Amino acid sequence: MHQDTTAESPAAAHGAVAITANRRGELRLHLRDDLPGIAWPDHWSVLGGGCDPGEEPRETIVRELDEEAGLAVDGLTELFEIRDEHGSGQPITFFAASWDGDDWALPLAEGVKLQFLAPEDLEFRTIPPFIRDGINRYPAARPA
């Protein structure tokens, strides 16, 4: 997840992420690198990142999914916004999407791995608080 939190770039004050599910109801999570200087190192998250100057959240998530995993998803739907209160402070727009391919075949450009996980398996993962909040809100907000 690309994060640019400089005060000089107002567009960077916003981000976008996608909760991607498969037909079994599993959610794709992304194990982030354990590197100094990145947001939420060694945490499980969803794919996404910061908005580039002049970019809307929908454009950001399409770009980030492609850059991070060569991924084009179906049914991209805007859900809600949550502020990353314990990290960058940015408002993050959450999107829902679906994809039923093989995560192992994706060209992962950032992070350690992608993996579809059953919702009950998420309880034991280290997930940023705002992402966990979004995942918890997702079932009520996702499109039918």
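It should be emphasised that the depicted structure is a prediction, and the values quoted were computed from it without experimental measurement. Numbers here are sequence positions counted from 1.
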Inset, instruction - Group every Ile, Leu, Val, Met, Phe, Trp and Tyr by side-chain heavy-atom contacts under 4.5 Å, then state whether Val46 and Phe80 land in the same group. - result: yes
Inset, instruction - Identify the heavy atoms of Gly134 and Phe94 that sit nearest to each other, and give their distance. - result: CA-CE2, 3.7 Å
Legend entry - Test item: Val17 and Phe95 side chains (from C-beta on) under 4.5 Å apart, heavy atoms: no
Inset, instruction - Group every Ile, Leu, Val, Met, Phe, Trp and Tyr by side-chain heavy-atom contacts under 4.5 Å, then state whether Ile61 and Leu106 land in the same group. - result: yes
Legend entry - Pair Glu56 + Arg58, salt bridge at N-O below 4.0 Å: no
Legend entry - Interatomic spacing from OG in Ser98 to CD1 in Ile19 - rounded to 0.5 Å: 13.0 Å
Inset, instruction - Evaluate the side-chain proximity of Ser45 to Ile131: yes if any heavy-atom separation is below 4.5 Å, no if none is. - result: yes
Legend entry - From Ser88 atom OG to His14 atom NE2, the distance as rounded to the nearest 0.5 Å: 10.5 Å
Legend entry - Distance in Å, Leu108 CG paired with Asp103 CG, rounded so as to fall on 0.5 Å steps: 9.5 Å
Inset, instruction - Indicate if Leu27 and Leu79 have the same hydrophobic cluster label, given that clusters are the connected sets of ILVMFWY residues with side-chain heavy-atom separations under 4.5 angstrom. - result: yes
Legend entry - Leu76 side chain near Val62 side chain, heavy-atom distance below 4.5 Å: yes
Legend entry - Mutual orientation of the aromatic rings belonging to Trp99 and Phe116 [parallel < 30°, tilted 30-60°, perpendicular > 60°]: parallel
Inset, instruction - Report the distance from atom CG of Asp52 to atom CZ of Arg63, rounding to the nearest 0.5 Å. - result: 4.0 Å
Legend entry - Separation of Arg132 CZ from Ile127 CD1 (nearest 0.5 Å): 4.0 Å
Legend entry - Quiz item: cation-pi between Arg125 and Trp44, 6.0 Å / 45°: yes
Legend entry - With Asp133 via salt bridge (charged side-chain N to carboxylate O under 4.0 Å, His left out) - residues at least two apart: none
Inset, instruction - Specify the closest pair of heavy atoms between Pro107 and Ala69, including all atoms of both residues, with the distance to one decimal. - result: CD-O, 3.4 Å
Inset, instruction - Answer yes or no: is there a side-chain heavy-atom contact under 4.5 Å between Phe130 and Gln90? - result: no
Inset, instruction - With rounding to the nearest 0.5 Å, note down the distance linking CG in Leu47 to CZ in Arg32. - result: 9.5 Å
Legend entry - Contact summary for Thr93 and Glu81, nearest pair of heavy atoms: OG1-OE1, 3.7 Å
Legend entry - Flag if over 12 foreign heavy atoms under 6.0 Å of CD, Glu59: yes
Inset, instruction - Is it possible for you to say whether Ile38 and Val112 belong to one hydrophobic cluster, with membership spreading through side-chain heavy-atom contacts below 4.5 Å? - result: no
Inset, instruction - Considering non-hydrogen atoms only, spot the tightest contact between Thr60 and Gly50 and give its length. - result: CG2-O, 3.6 Å
Inset, instruction - Would you name the heavy atoms of Ala13 and Pro91 that are closest together and state the gap between them? - result: O-CD, 2.9 Å
Legend entry - For Asp33, all residues meeting salt bridge (charged side-chain N to carboxylate O under 4.0 Å, His left out), sequence neighbours excluded: none
Legend entry - Non-hydrogen side-chain atoms of Arg28 and Leu71 separated by less than 4.5 Å: yes
Inset, instruction - May I have the step-by-step check of side chain to side chain contact (heavy atoms under 4.5 Å, CB included) for Leu114 and Trp104, ending in yes or no? - result: CA-CA 7 Å; Leu114 292 171; Trp104 300 105; over 6 Å; no
Legend entry - Stepwise side chain to side chain contact (heavy atoms under 4.5 Å, CB included) check, Leu117 with Glu26: CA-CA 5 Å; Leu117 297 167; Glu26 297 167 321; 5.9 Å; no
